[in-house]
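Taking it in order: structure first as structure tokens, then the write-up.
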Amino acid sequence: MPHVARYSLDGVRLPSVSTITNVLQKSGLERWYRKHGFEECDRLSGIARDRGTAVATMFEEFRKTGKKPRSKFHEIVLGEWLKWGEGWKGVTLVPEPHLVNTVDGYHGSPDLVFYDGEKWAVGDDKCKGRFADYGLLMNEHGYAMCNMIHDIETDELKPVPWKIPLDDIFFWSYTPETGKMYPHHHKFDPAVYEDFLQCRRMWELNKIAEKYFKENAIVLPEESNEAK
């Protein structure tokens, strides 16, 4: 299912989960760029992004068709993922559902929501060396609190088939060189979700500030030579 970049509810455009957490200050990332140089950091970020996209595409193709990947790296990644999920037999997988929170007003698509026969969980595939990003953790908490699922084909909103919040959150990180998988388990934390809502409020405040600037910023008239 493709990600929905823009979504409106009752005529009001809702921010996405990632848009909300993007208001966070990224001082650590800025220090990394200053230390290693913009060109090198852009190159490394591009590699990580391309690798992550390729892994996500591979997973999506496997989920839909069962087709195994050709590259050795992706074969290892898939094998690690299947081993961790014990083949995912009998597990209900909902890849990239478009979720909406009609109470707090936002939307977004996690990589995966799944049911293992006992409980539902939300998860995110991360083919990167780093995953300890508080913004990413807040993203998953945002998904965990969504109360509706959007059927893109019919444009219908339906209640999610799981209890809110989703109590279990997983990240799947893979060593970029070897493909070895490291699953990381988190429990839903109301304090983290409150931080997410704080970012939601900051997003609204940023919109107010931008609107004020556009409406009130003045360009001073150029003075004539005589006035000077």
Side-chain angles (χ1 to χ4, degrees), residues 1-5 16-18 21-22 26 28-29 32-33 36 38-99 108-144 146 149 152-153 162 166 168-186:
M1 182 181 293
H3 283 267
V4 177
S16 70
V17 165
S18 57
T21 54
N22 274 343
K26 295 178 174 59
L29 188 61
W32 181 59
Y33 266 77
H36 298 286
F38 281 84
E39 186 174 338
E40 175 64 7
C41 289
D42 282 344
R43 185 185 71 83
L44 294 173
S45 295
I47 291 173
R49 181 175 58 252
D50 292 345
R51 187 185 289 120
T53 300
V55 167
T57 302
M58 178 272 293
F59 273 135
E60 187 67 14
E61 186 171 1
F62 175 77
R63 289 164 186 159
K64 289 180 177 179
T65 67
K67 184 179 179 180
K68 298 292 182 69
R70 292 183 179 181
S71 81
K72 185 65 177 177
F73 176 78
H74 287 165
E75 185 180 343
I76 293 172
V77 167
L78 179 61
E80 289 275 302
W81 189 74
L82 291 174
K83 183 170 63 176
W84 177 71
E86 295 182 354
W88 297 91
K89 293 179 181 178
V91 176
T92 302
L93 301 177
V94 187
E96 297 189 355
H98 183 219
L99 304 179
S109 299
D111 284 346
L112 186 68
V113 178
F114 63 93
Y115 179 69
D116 64 5
E118 295 182 3
K119 56 189 176 183
W120 286 91
V122 61
D124 199 357
D125 291 316
K126 287 296 168 192
C127 189
K128 297 180 180 178
R130 64 171 179 86
F131 63 90
D133 184 327
Y134 192 59
L136 291 179
L137 185 60
M138 285 197 296
N139 284 354
E140 302 306 310
H141 278 68
Y143 298 136
C146 286
I149 187 167
I152 296 177
E153 293 184 359
W162 50 79
L166 285 167
D168 290 281
I169 295 170
F170 289 91
F171 289 102
W172 299 286
S173 280
Y174 307 91
T175 304
E177 292 76 23
T178 66
K180 183 172 176 58
M181 177 182 178
Y182 294 92
H184 301 272
H185 180 218
H186 299 268

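Just so it is clear, the model here is predicted, and its values are computed rather than measured.
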task = Using a 4.5 Å cut-off on heavy atoms from C-beta on, say whether the side chain of Trp120 contacts that of Thr92.
result =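 A side-chain contact under 4.5 Å exists here.
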task = With the side chain counted from C-beta on, respond yes when Tyr143 and Val17 share a heavy-atom pair under 4.5 Å apart, and no when they do not.
result = yes
To the nearest 0.5 Å, tell me how far [X] [atom1] sits from [Y] [atom2].
X	Y	atom1	atom2	result
Asp111	Phe171	CG	CZ	9.5 Å
Ile169	Asp124	CD1	CG	10.5 Å
Asn139	Ser109	CG	OG	11.5 Å
Lys68	Glu61	NZ	CD	12.5 Å
Leu137	His186	CG	NE2	5.5 Å

message = Minimum heavy-atom separation for Pro97 and Pro110, please, with both atom names.
response =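 In this case the closest contact between Pro97 and Pro110 is O-CD, 3.5 Å.
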With a 3.5 Å cut-off and sequence neighbours excluded, list the donor-acceptor pairs that the side chains of residues 71-80 form with protein atoms.
unit_1: Ser71; atom_1: OG; unit_2: His74; atom_2: N; d: 3.1
unit_1: Ser71; atom_1: OG; unit_2: His74; atom_2: ND1; d: 3.4
unit_1: Glu80; atom_1: OE1; unit_2: Met181; atom_2: N; d: 2.8
unit_1: Glu80; atom_1: OE2; unit_2: Lys83; atom_2: NZ; d: 3.3

task = For a side chain to side chain contact (heavy atoms under 4.5 Å, CB included) with Cys146, tell me which candidate from Val122, Leu99, Val113, Leu166 qualifies.
result = Leu99
message = Can you classify the ring geometry of Trp172 versus Phe114 as parallel (below 30°), tilted (30 to 60°) or perpendicular (above 60°)?
response = tilted
ask   = Angle class for the Trp81/Phe62 ring planes (parallel below 30°, perpendicular above 60°, tilted otherwise)?
value = perpendicular
